[in-house]
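Scroll down for the structure; my scribbles are underneath it.
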Amino acid sequence: MFEKEIIRLLKKETKQKNITLEIPPNPDLGDFAFPCFILAKQHQKNPNEIALELSMKIKPTELLEAIVPKGPYLNFFLNRSKLSELTLKSILKEKDKYGSYLVGKGKTALIEHTSINPNAAPHVGRARNAIIGDSITRLLKFQGYKTEVHYFVNDVGKQIAILVLGIGSKKPEFKKLLNIYSKTYNKIRKSKKLEQQAFILLKKFEEGDKETIKRFNHVVDICIKGQIETLSKLNVKYDVFDYESKYLFDKKIKEILAKLEKTNQLITDKDNRKVLNLSSFNLPTKEPYFVLTRSDNTSLYSLRDIAYTLDKIKKSKTKNIIVLGEDQKLYFQQIKAALSLLKQQAPQVIHYSHILLAGGNKMSTRTGDVVLLEDFIKEAVKKAENELKKRKSRNIKKIASVIGIGAVKYSILKVSPDKNIVFDWDSALSFEGDTSQYIQYVYARASSILKKAKINHSNPNYLMISLPEEINLINKLYKFPETVYKATIELKPYIIANYLYQLAQIFNDFYHKCQCISEDRELTKTRLAIVAATRHVIKNGLNILGIDVTEKM
RNA sequence: GGACUUGUAGCGCAGACUGGAUAGCGCGCCUGCCUUCUAUUGCAAAAGAAGCAAGAAGCAAGCAGAGGGUCGUGGGUUCAAAUCCCACCAAGUCCA
């Protein structure tokens, strides 16, 4: 609302249609700035002069304390007590809702994420998908969307056949599967005969052989249960599990082929496979053909995926999102192209880069070269426990889990998704600097101040807010809703992670400079209101990231 | 060979889409500050006690400050480029 006021005044004075405001690099210069370069060009005048002229014409208002030219910029200072009053009042009133514009009210959002192959325990690399997906779900929920989280179970495929082959008649527990899988995979690479066996199994499964289906289902069940259990430790939950095998015999497959036939882009190639000609989409593939079936006319993963995606499109009216690794970028473009031939809008996709191991290797289930998510969580919680013991905290177990799991999530969420993360235990488990516990600590600190004060902080005196540390903090709190909004539009939780870290830093500045509990009752009330407001914002923000808070640390 | 993403301080990142003021942050490094301790060393040529210094540990998950940059390289556009465009280099990913 402050921006609006400034823009209104500037429009009136400059007769410009579009006014863009900037934030000065340094708060001493003001809260908002209007650069005068464009006007300078139009009027063939020095921008410094224009800023000066405008500063004479535009008078301060109730919301704007001062308007000062500084070189080619016209800088606006907001009315402090007004800003404080509006910000603190709305935080303390809206509480857990503060920060939401409720842009998703009455709308639904379908999110597919994780969708790990059901052949082994998830490793840290896979967790990036789940954690990003979960955070986006929470973000949309916070904005009022009704969300539905889907998990696509790829229960058809060579990797399951390999596992079935490796298991034989054994009844292994979930943890052993990774080992069995990578062993069998390596054997198969060396033996054509074994590989043939895997293909035969897969074929039987696809043909509906009851015994084989049973064996496949058995393995997939163990996997999915195990995966869900691990992910539930991160408090990541799913609403619907969709099985790829459902589409093996689905009549939709034929319908889709028939529809594609009508576009004249469906061709039977020299190997008698049905392929889709995507040459009009200019994708960077060598051949512009997207293979949908085998020579015997059975469906491939691509075709089943199209069918599944169409089902999702049907279900989701307003928002349809999928989280995929960067290795799926081109593949997804092909799916998108196929859907566009069917005149359907593909889901909004979020790609993320891989988590590499400290030698530059990608984590791979095939080679077994992985850091398991389970182990990573355990280590993080253990580390937190040790730290807490040093500080003789109470309730160590519970708090350690909040901190440890928060650290796992935050370390993944804080980095922009198109950057590779190089995993090494030391920095992943470091509890210093830009970490979740630094933020959680601010929450705990704020909680303990409020508890200690035992004073009701309603009706603070906004006129008493004057120190730069207080003002900076309130400014930052004021920006929370627009930060959340930006993260929603761009589907980027890391924006919120970065914001929270900055907020925590600013709060600590405030904490060190401003004694909250003092003889002056009026001042105490006012500062407590600031503390309480910060506490709410930290909580809301961390909640979007899926990170819990704790009253004590 | 083609396409996409990334490259910002020793290390890890933000800023880039939407060009604008002195390029921010964390870790580490360096300096100073606060508390406690005395296994070790010195002041100190009996021993012990106390002290000072060194040292160690710690705190409010400490504080304050300092240093650290060809924004991958080279061009171009612009009054203005980390930001936009082109070429190249390196890393990651995909395409048969």
Side-chain angles (χ1 to χ4, degrees), chain A residues 18 20-30 33-41 44-48 51 69-75 125 278 281-291 324-334 349 351-358 360-362 383-384 386-388 390-393 399 403 407 410-411 413-424 426-428 430-442 444-445 448-449 486 489-490 492 494-495 497-506 508-509 511-513 515 552-553:
Chain A
N18 293 313
T20 46
L21 291 179
E22 288 172 13
I23 312 252
N26 176 341
D28 296 342
L29 293 167
F34 175 65
C36 301
F37 301 100
I38 296 164
L39 286 174
K41 207 168 191 182
Q44 297 286 321
K45 254 187 185 170
N46 188 332
N48 297 26
K70 172 88 182 178
Y73 292 90
L74 188 61
N75 291 335
L278 299 177
F281 293 92
N282 247 332
L283 298 179
T285 51
K286 258 190 180 159
E287 302 290 335
Y289 304 112
F290 191 39
V291 185
L324 290 173
E326 69 171 333
D327 50 338
Q328 309 270 321
K329 268 187 185 173
L330 187 55
Y331 168 76
F332 190 76
Q333 275 186 285
Q334 292 175 317
V349 63
H351 289 294
Y352 61 91
S353 295
H354 293 292
I355 298 188
L356 306 172
L357 287 170
N361 292 326
K362 189 176 134 186
K383 174 106 194 259
N386 289 339
E387 294 288 321
L388 287 167
K390 277 192 213 160
R391 298 182 171 82
K392 301 192 180 83
S393 312
I399 299 173
I403 295 174
Y410 188 82
S411 67
L413 281 176
K414 72 171 176 183
V415 182
S416 122
D418 39 31
K419 277 201 169 145
N420 283 329
I421 297 177
V422 177
F423 185 93
D424 85 282
D426 283 346
S427 61
S430 159
F431 277 5
E432 276 172 350
D434 184 4
T435 56
S436 55
Q437 52 277 2
Y438 182 76
I439 301 167
Q440 286 170 321
Y441 185 69
V442 164
R445 184 175 257 178
S448 83
I449 292 171
K486 195 180 173 205
I489 296 300
E490 301 185 13
K492 287 177 178 169
Y494 81 94
I495 292 175
N498 286 332
Y499 168 88
L500 288 176
Y501 178 62
Q502 288 164 14
L503 175 64
Q505 280 180 311
I506 294 171
N508 277 333
D509 279 350
Y511 177 88
H512 290 299
K513 270 276 159 47
Q515 174 99 43
K552 279 190 171 173
M553 281 176 82

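Note that this is a predicted model, so its numbers are computed, not measured. Chain naming here is simple, since letters A, B, ... match the order of the sequence lines and numbering starts at 1 in each.
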Once you round it to whole Å, what is the distance between [atom2] of [N] and [atom1] of [X]?
X	N	atom1	atom2	result
A:L74	B:rA21	CG	C1'	14 Å
A:N48	B:rA21	CG	P	14 Å
A:K286	B:rC95	NZ	P	12 Å
A:H354	B:rG92	NE2	P	12 Å
A:Y511	B:rG62	OH	C1'	11 Å

Nucleotide-level pairing of RNA chain B, given in dot-bracket where Watson-Crick and G-U pairs need both distances under 3.5 Å and | marks other strands:
((((((((.[[[[.)....(...]]]]..((((((((...(((.......))).))))...))))......[[[[[..)....]]]]]))))))).
For nucleotides 22-29 of chain B, 5' to 3', base contacts (B), sugar-phosphate-only contacts (S) and non-contacts (-) with protein non-hydrogen atoms under 4.0 Å give B--SSSS-
If you measure from the P atom in B:rA21 to the same atom in B:rC71, how many Å do you get, rounded?
15 Å
Kindly write out the residues that satisfy ring-ring contact (aromatic ring centres under 6.0 Å, His included) with A:Y499, not counting sequence neighbours, or none if the list is empty.
A:F480
Give me, pair by pair, the N or O atoms of the protein and of nucleotides 3-7 of chain B that are less than 3.5 Å apart, along with how far apart they are.
unit_1	atom_1	unit_2	atom_2	d
B:rC4	O2'	A:K329	NZ	3.3
B:rU5	O4'	A:K329	NZ	3.4
B:rU5	O2'	A:D418	O	3.1
B:rG7	OP1	A:K419	NZ	3.4

Quick one: are A:Y410 and A:L500 in side-chain contact, heavy atoms under 4.5 Å?
no
Hey, does A:T285 have a side-chain heavy atom less than 4.5 Å from the side chain of A:F290?
no
With A:S448, which residues qualify under side-chain hydrogen bond (donor to acceptor under 3.5 Å, both in side chains), at least two apart?
none
Atom pair CG (A:L278) and CD (A:Q333), whose distance is rounded to the nearest 0.5 Å:
10.5 Å
Using the test side-chain contact (heavy atoms from CB on, under 4.5 Å), find all partners of A:K552 that sit at least two apart in sequence or belong to another chain.
A:K451
